[in-house]
Amino acid sequence: MRELHSFGWYAKQLKEHLPKKAFRPDPGKLLGGAAYLLITAAAMLSIVLLSLPLAVNLLLSLIIGMSFAAMGFLGHEILHGTIVRSPFLRNTLGGLFFWPLCTGPRLWRKWHNMSHHVHTQHEEKDPDTWLTEAAVHRNPMLRFIYRLPLSVRAFFEFATQTVMFSLHSLRMFKTYVSEFKATSAPALWLQLLLPWATWISLLFIAGVTNWIYMFLIPLLIANGIVMAYISTNHRLNPQVEINDPLANSLTVTVPKWVDVIHFHFSHHTEHHLFPAVNSKYYPLVKQKIKEYWPHLYHEMPMSKALLALWKTPRPYFDGDNLIDPSRNEVYGTLGNGLLESESAKPAKKHAQ
C-alpha cells in the first residue's frame with residue numbers, strides 16, 4: 001500500500017506554479033449563468049405559449065434539463081467562493097442557481113464543503129461515500145437487493161441516477177438539520193421549501209402536461225447529468241483514512257466544449273486539491289500533477305468510467321476493494337487492481 005498524503009500536502013507543492021489570479025474571484029462566469037437562465041425561461045415560455053409537437057417539447061425539455069445541470073455546476077462553484085466573495089451574494093446566487101435542483105446554499109455548504117471535502121471517502125465521515133458490505137448485512141432490504149445479479153442491480157442503479165441527487169439532497173437535509181443553530185433553522189427550512197413551492201405552483205399555473213415538459217423531465221435529465229459526474233468522482237476509488245485526492249478522486253475526460261459549459265467539473269481531483277481556485281485553471285493543475293505524480297493520478301474518459309461503474313459492484317468489502325455479495329467476488333478499486341486500461345473483472349473469490 002502506498003503512503004497517503006493530505007490534500008494540503010499536495011497543494012503546498014503545486015500552489016507556487018499557479019498564477020495569483022487563479023485564486024481571485026471570477027464574477028465574469030455569472031454571464032454564463034445568465035445565459036442559462038434566459039435559455040431556460042425562453043424554453044419554458046415556448047412550451048406554455050406555443051402548441052408544439054411532442055418531439056419539439058421533448059427537445060426543449062432536454063435543453064432545460066441540460067441548463068438545470070449546468071446551473072447546478074455554477075452554483076457549486078459560487079458556493080466555494082471562486083466567483084464572488086461576499087457571503088450574502090455567494091448564498092443568494094448559489095441558491096438561485098441551485099434552485100432547479102431544490103438544494104439550499106446553507107445545506108450545500110455544510111454537506112459538501114464542510115463534510116464531503118474535509119472527509120472525502122472516509123467510511124464514516126463522508127456523507128457521499130458508498131455503503132460497505134457490513135451495512136448491507138445489517139439491512140434486510142439491502143440484503144435482498146444485493147442478492148440480485150450484478151447486471152440487474154447495475155441497470156436499476158443507473159436508472160435511479162435520474163432521481164438520486166434530489167433524493168440524496170433530501171436525505172442530507174434530514175442528516176444535518178439538527179446541527180444548525182436555532183437562529184439558522186428558519187433560513188434552512190426556507191431554502192428547502194421555497195424551490196419546491198415554486199415548482200409545485202408551476203404545476204397549477206401551467207397544467208400537468210406542460211409541467212412535465214417544463215420541470216419533471218428536465219429534473220430527471222439534470223439528475224442524470226449531475227450524477228454521471230458525482231458517481232464517477234469517487235465510487236471507483238478506495239475509501240481512505242487520510243484525505244488524499246490522488247487516491248480517493250477520479251478526473252474524467254469529456255470534450256472541451258462540455259468542460260466549458262460545465263465549468264470544468266470533470267477535473268475532480270484538481271477540484272479536491274484546490275476547491276477555492278477558479279476552475280478554468282484546473283487544466284494547469286492537471287498538468288502539474290502529471291509532472292509531479294503521474295503514477296498516482298487517476299484519469300479516464302467519462303464513458304469508460306461509467307462502463308467500469310456498470311461492471312463493478314457498489315458495496316465496499318474493505319477500503320481497497322469492492323464486493324459482489326451475490327457471488328462473493330471481490331473487485332479492486334483504482335490503484336488497487338482496477339486498471340484504467342482493462343475491463344473491470346473480479347480479482348478473487350472471497351471465502352466466507
Side-chain angles (χ1 to χ4, degrees), residues 1-29 73-74 76-85 90 109 112-122 125-126 128-129 229-230 232-256 258-260 262-302 304-305 319-320 333-336 338-340:
M1 178 184 291
R2 75 171 183 84
E3 183 181 3
L4 299 176
H5 300 285
S6 71
F7 62 92
W9 185 87
Y10 295 106
K12 183 178 180 181
Q13 299 181 68
L14 296 181
K15 186 175 181 180
E16 64 185 56
H17 298 289
L18 299 178
K20 291 183 178 179
K21 59 185 177 180
F23 297 89
R24 296 174 189 151
D26 183 9
K29 289 186 180 181
F73 295 137
L74 179 59
H76 162 259
E77 190 159 349
I78 289 170
L79 291 172
H80 272 295
T82 65
I83 293 178
V84 291
R85 290 284 163 81
R90 181 192 61 206
R109 291 180 63 238
H112 180 78
N113 295 18
M114 299 169 64
S115 297
H116 170 65
H117 266 273
V118 175
H119 304 295
T120 308
Q121 283 295 87
H122 189 283
K125 298 178 181 178
D126 181 4
D128 293 340
T129 195
Y229 283 106
I230 292 176
T232 54
N233 287 162
H234 305 290
R235 292 182 186 173
L236 294 170
N237 297 82
Q239 291 180 330
V240 291
E241 292 293 322
I242 297 173
N243 186 358
D244 184 328
L246 269 64
N248 64 26
S249 301
L250 169 67
T251 286
V252 293
T253 54
V254 296
K256 287 186 177 180
V258 175
D259 255 343
V260 172
H262 288 168
F263 303 95
H264 292 91
F265 195 79
S266 65
H267 292 69
H268 211 70
T269 301
E270 295 77 4
H271 173 62
H272 273 260
L273 282 176
F274 292 104
V277 158
N278 184 339
S279 64
K280 73 180 183 182
Y281 291 95
Y282 286 161
L284 176 58
V285 176
K286 176 194 284 193
Q287 176 188 328
K288 293 303 176 182
I289 294 173
K290 287 184 171 182
E291 289 177 11
Y292 275 72
W293 309 284
H295 57 299
L296 301 179
Y297 183 66
H298 298 303
E299 176 187 30
M300 69 172 76
M302 170 71 88
K304 198 166 189 176
D320 294 336
T333 54
L334 290 174
N336 298 285
L338 179 64
L339 302 179
E340 293 88 330

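FYI, side chains are in, hydrogens and waters are out, and symmetry mates aren't considered; it's all heavy atoms of this structure. In this chain, residues are counted from 1 in sequence order.
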Taking all heavy atoms of P238 and all of A247, pick out the closest pair and write down the distance. CD-O, 3.2 Å
What's the spacing between M302 CE and T251 OG1 if we round to 0.5 Å? 11.0 Å
Flag side-chain contact, heavy atom, 4.5 Å: M300 against L334: yes
Would you say the rings of F263 and F73 are close, in the sense that their centroids are separated by under 6.0 Å? no
I want to check something: taking the side chain as every heavy atom from C-beta on, are L18 and L284 in contact at a cut-off of under 4.5 Å? yes
Under a plain distance cut-off of 3.5 Å, with no hydrogens placed, do D126 and H116 share a side-chain donor-acceptor pair? yes
Should Q13 and K288 count as side-chain neighbours, where that means a heavy-atom distance under 4.5 Å? no
K15 charged N/C atom sitting above F23 aromatic ring, 6.0 Å / 45°: yes
Testing the basics here: between Y282 and F274, what is the closest heavy-atom pair and its distance to 0.1 Å? OH-O, 3.0 Å
Side-chain heavy-atom pair I289, L246 within 4.5 angstrom cut-off: yes
Any side-chain heavy-atom pair of P275 and F7 under 4.5 Å: no
With the side chain counted from C-beta on, respond yes when Y292 and H17 share a heavy-atom pair under 4.5 Å apart, and no when they do not. yes
Testing the 3.5 Å rule here: is there a donor-acceptor pair between the side chains of N278 and K29? yes
Are H262 and Y229 an aromatic pair by the rule of ring centers under 6.0 Å? yes
Rounded to the nearest 0.5 Å, what separates atom CG in L14 from atom CD in E291? 9.5 Å
Hey, does P25 have a side-chain heavy atom less than 4.5 Å from the side chain of I83? no
Criterion side-chain hydrogen bond (donor to acceptor under 3.5 Å, both in side chains) against T129, the qualifying member of H234, H119, Q121: Q121
In terms of relative ring orientation, are H80 and H112 parallel, tilted or perpendicular, with 30° and 60° separating the classes? perpendicular
What is the distance from atom CG of N336 to atom CG of D320, rounded to the nearest 0.5 Å? 4.0 Å
Approximate separation, where rounding is to 0.5 Å, of L273 CG and S249 OG: 8.0 Å
Just by distance, do the side chain of T82 and the backbone of E77 share a donor-acceptor pair under 3.5 Å? yes
Closest heavy-atom pair and its distance - S6, P245: C-CD, 4.4 Å
To the closest 0.5 Å, what do you measure between CG (L250) and CZ (R235)? 13.0 Å
Between E270 and Y297, does any side-chain donor sit less than 3.5 Å from a side-chain acceptor? yes
Side chains of Y10 and H272 only: does a donor on one sit below 3.5 Å from an acceptor on the other? no
Just one of N243, N237, T120, T269 clears the side-chain hydrogen bond (donor to acceptor under 3.5 Å, both in side chains) bar with N248, so which one? N243
Looking at CG of D244 and CG of L4, how far apart are the two atoms once the value is rounded to the nearest 0.5 Å? 5.0 Å
Within the 4.5 Å heavy-atom criterion, are D259 and T253 side-chain neighbours or not? no
Is a side-chain N or O of N113 found less than 3.5 angstrom from the main chain of L79, in a donor-acceptor match? yes
What one should report as the nearest heavy-atom pair of G81 and R85 is O-NE, 2.8 Å
Give a yes or no on whether the backbone of K125 and the side-chain of H122 come within a donor-acceptor separation of less than 3.5 Å. yes
If we count only N and O atoms by modelled type, under 3.5 Å, do the side chains of H271 and H76 hold a donor and an acceptor together? yes
